[in-house]
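For reference, the structure discussed in these notes is given below.
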Amino acid sequence: MIFKVFAVGVALLFTGSAESYEIQINNLLYMQQGLGWPHSLTVVVGHEALMKLTKTATKQNTCEVITPSGQSFMLTSPPSDRYEAWGTGCGLRVREVHSADTGRWRLTSTNSTQSFTGWIEVYVEEDTKSYEAPPISLLDGEVHPHLDLTSLDNSYCLVAQPFSQSSLVSGHCGVTLDKATRAVQGNWNILVGLPGRVKELHIDRRVQVEAERLDVGYVYDSNTNRVHLYCNILHTKKNITFCRFQKTTDTVGFNVMEGLSDGLRSYYGDGFVHKQCGLTIEKPTDQDFGTWRCSVGSQLRDGNTLVPQTPMQALINVPVHHNKASRLRNEAISNDENDLRTIFVQENISFTIPCHAESSLTYCWFLHPNGTQFTPLPLTREDQQFWYSGQSLQVGDCGITFAHAQNKDAGEWTCHMGARNKLGLELTDKVNVRVTGPLAANKKEIFVSVGANATIHCHTSNGNRPLEYCRFLSPNFVGINIDDTVTKESAILGRYYFTPERYMNQGDCSLSITSVQEEDEGEWKCAAVINTNSVESSDTATLYLKSDPSRQWSRAGITGMAIGLSCLLVILGGILWYKIGRPLPSLLNWNRRRSSQQNINQRSFDTVSYSTNNDVVRSSVLTNNSDDSATAVNNP
Ligand SMILES: *[C@@H]1O[C@H](CO)[C@@H](O)[C@H](O)[C@H]1NC(C)=O
Ligand SMILES: *[C@@H]1O[C@H](CO)[C@@H](O)[C@H](O)[C@H]1NC(C)=O
Ligand SMILES: *[C@@H]1O[C@H](CO)[C@@H](O)[C@H](O)[C@H]1NC(C)=O
Ligand SMILES: *[C@@H]1O[C@H](CO)[C@@H](O)[C@H](O)[C@H]1NC(C)=O
Ligand SMILES: *[C@@H]1O[C@H](CO)[C@@H](O)[C@H](O)[C@H]1NC(C)=O
């Protein structure tokens with residue numbers, strides 16, 4: 001075939017002016033192709049092909065075309081209107097190119113003495129009207145990721161990332177990023193220059209940047225009566241090293257391993273290899289419902305060493321199923337009553353406001369009593385005024401620590417927590433902050449009946465700090481020196497002793513009084529030296545006597561009893577006056593007590609302790625109906 005073409009070419013040349021050419025087959029080939037323009041042409045179906053000879057005979061008589069299929073015609077009389085003369089010399093325009101046009105096109109320009117022939121190789125390709133490819137997935141933080149944007153054989157492309165300038169890439173369409181961040185996520189607009197096509201091809205390529213995260217949740221299988229909790233790491237290069245689940249209200253957890261069961265609890269998931277961590281609970285009981293914390297340990301290969309990573313943690317809420325649901329709701333409501341935690345802080349010393357949600361959080365911020373908002377960030381600088389405290393947002397901890405408490409920080413703070421995977425209203429909690437001295441009375445006012453027991457509880461602010469000693473001064477200026485060895489049995493004056501289950505080493509200076517008497521009414525002072533201080537700290541609390549609670553049933557009852565008692569006392573008084581000849585002061589006292597009781601605000605403080613990290617913070621809760629101080633310790 002090729003030989004035949006040579007023969008034709010040689011023959012044509014020889015019929016012209018043979019003497020003007022040095023005939024060498026290689027040169028001849030080159031020259032002949034060299035006359036065709038372009039040498040090779042790629043056209044997509046439906047486009048037009050333009051071709052011509054770069055050298056034509058002077059005073060050209062004819063321009064002859066031989067198509068790849070061997071059809072031959074003069075340009076002046078084309079066989080179909082697909083063909084048309086193009087340009088001034090010997091040039092051809094072919095419209096509506098189709099696949100049969102593939103091959104070698106020959107053009108020959110002839111005048112009376114000479115002729116010139118050249119050829120053009122035409123390749124017809126199917127048109128690429130669109131290009132589809134699956135989204136490109138990158139790991140957040142990946143360094144120098146390379147993105148292959150198309151698999152097309154393009155000569156260049158113009159790449160526009162979301163919200164940024166376009167960049168021109170020659171050759172294969174791909175880019176290398178410095179670092180994958182979520183800023184590159186979205187639809188990338190790409191314009192590709194393809195062979196055979198004048199119009200650039202527009203491609204939308206979706207780029208996803210996946211951050212490593214925990215996928216947590218639970219599945220309740222009512223058929224087999226099983227609860228499955230799961231805590232899987234998505235988009236990670238880490239390998240799981242351990243998997244732990246703990247009910248937040250329990251002190252022990254479960255070490256979950258593939259293939260291991262204690263009869264009720266076993267591994268759930270597709271395996272550590274698939275970065276899955278889960279717990280199956282068979283025949284769950286009431287205790288198994290509620291909030292669970294999962295902790296997933298992992299390691300990362302760095303060269304030849306395996307580097308342990310900080311465990312990832314999250315909370316999973318497993319609501320009680322079926323008839324148990326109503327009970328949980330009731331609990332939730334009773335917890336919702338206007339409980340207000342109070343934390344005692346000392347001026348100029350750092351203090352922490354801890355909040356906690358039974359759900360993983362994405363953010364948390366605080367509203368200062370004066371309306372300013374504070375969003376805590378991790379502590380990174382020494383001069384930072386406030387920072388995040390708590391274990392992590394993942395486990396629902398939302399705490400803020402301020403370096404220096406000021407008097408204006410006192411008041412009602414609100415913490416606002418944004419729950420993960422839950423859009424809508426933020427979770428909130430309120431905390432009362434009291435800026436006090438180093439030692440503070442938990443209740444500034446104590447209301448108690450004659451004959452009942454009372455507790456005057458003072459505690460160090462800013463957490464539990466040991467006391468050197470603890471003393472009280474009664475309203476009658478009787479000094480009581482006391483420590484935690486003074487018990488009910490060895491009570492001072494038979495009535496005053498150190499409150500059991502409170503400890504001076506924990507910052508408690510607490511006096512219990514059995515059978516309160518009238519002489520106990522008034523302002524009590526507690527005082528102590530806190531171990532690091534050189535001066536004594538003190539605070540006061542006022543004890544008010546109230547009437548016997550059994551008389552508060554109804555106003556009518558009280559009035560009736562008062563009238564009855566008054567009558568009785570008048571009679572008794574008359575008898576006594578008659579017999580002894582002097583008035584009764586107790587009646588007057590009783591009336592005074594009753595009137596003061598009407599001004600009594602029944603609210604009182606209860607004490608609650610909780611700890612965040614190593615830092616135990618003690619605070620008080622204001623409740624509406626409780627008189628007794630109770631201490632509860634939650635160790636997370
Ligand atoms: C034919 O073309 C050649 C090359 O351009 C030229 O040299 C020659 O004079 C032309 N012949 C006539 C008769 O014009
Ligand atoms: C994770 O485990 C796989 C299979 O056991 C192992 O090939 C890979 O090197 C491990 N990677 C790390 C970071 O430990
Ligand atoms: C707190 O610091 C301020 C300024 O440094 C000082 O004026 C004030 O007396 C301090 N208050 C206490 C209770 O130490
Ligand atoms: C509120 O108190 C904070 C902390 O003391 C202070 O930084 C802020 O300026 C105060 N805002 C207003 C409006 O007083
Ligand atoms: C007061 O305390 C004493 C001794 O602990 C106890 O026996 C008595 O029942 C208590 N009284 C009241 C009203 O709680």
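In each ligand, atom 1 is the first atom listed, and ligand 1 is the first ligand listed. These numbers were taken from a predicted model, which means no experiment stands behind them.
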Atom indices of ligand 5, in the order listed, that fall short of 4.0 Å to a heavy atom of Asn453: 1 (C), 2 (O), 3 (C), 8 (C), 10 (C), 11 (N), 12 (C), 14 (O)

Considering only heavy atoms from C-beta outward, does the side chain of Phe402 approach that of Gln385 to under 4.5 Å? no

Near Ser112 (heavy-atom distance under 4.0 Å), the atoms of ligand 1 are 13 (C)

Geometric class of the Trp524/Phe472 ring pair [parallel <30°, tilted 30-60°, perpendicular >60°]: perpendicular

Do Val345 and Ser461 come within less than 4.5 Å of each other through their side chains, counting heavy atoms only? no

Do Tyr497 and Thr485 have side chains that get closer than 4.5 Å, going by heavy atoms? no

Any heavy-atom pair between the side chains of Tyr469 and Leu467 that's under 4.5 Å? no

Ligand 4: which protein N/O atoms lie under 3.5 Å from its N/O atoms?
from     : atom 1 : to     : atom 2 : distance (Å)
ligand 4 : 2 (O)  : Asn370 : ND2    : 2.4
ligand 4 : 11 (N) : Asn370 : ND2    : 2.9
ligand 4 : 11 (N) : Thr372 : OG1    : 2.8
ligand 4 : 14 (O) : Asn370 : ND2    : 3.2

Report the residues that fulfil salt bridge (charged side-chain N to carboxylate O under 4.0 Å, His left out) with Glu468, sequence neighbours left out, ordered by chain and then residue number. none

Only heavy atoms of Thr514, strictly under 4.0 Å: list the atoms of ligand 5 that pass. 1 (C), 2 (O), 3 (C), 4 (C)

Proximal atoms of ligand 1 relative to Gln114 (non-hydrogen, under 4.0 Å): 2 (O), 3 (C), 4 (C), 6 (C), 7 (O)

Any N or O of Thr113 closer than 3.5 Å to N or O of ligand 1: yes

Side-chain contact, heavy-atom cut-off 4.5 Å: His459 with Asn442? yes

Counting only heavy atoms, which portion of Thr58 has something under 4.0 Å from ligand 1: side chain, backbone, both, or neither? both

Using the salt bridge (charged side-chain N to carboxylate O under 4.0 Å, His left out) criterion, which residues pair with Arg495? Sequence neighbours excluded. Glu519, Asp520

Just jot down the salt bridge (charged side-chain N to carboxylate O under 4.0 Å, His left out) partners of Glu358, sequence neighbours excluded, or say none. none

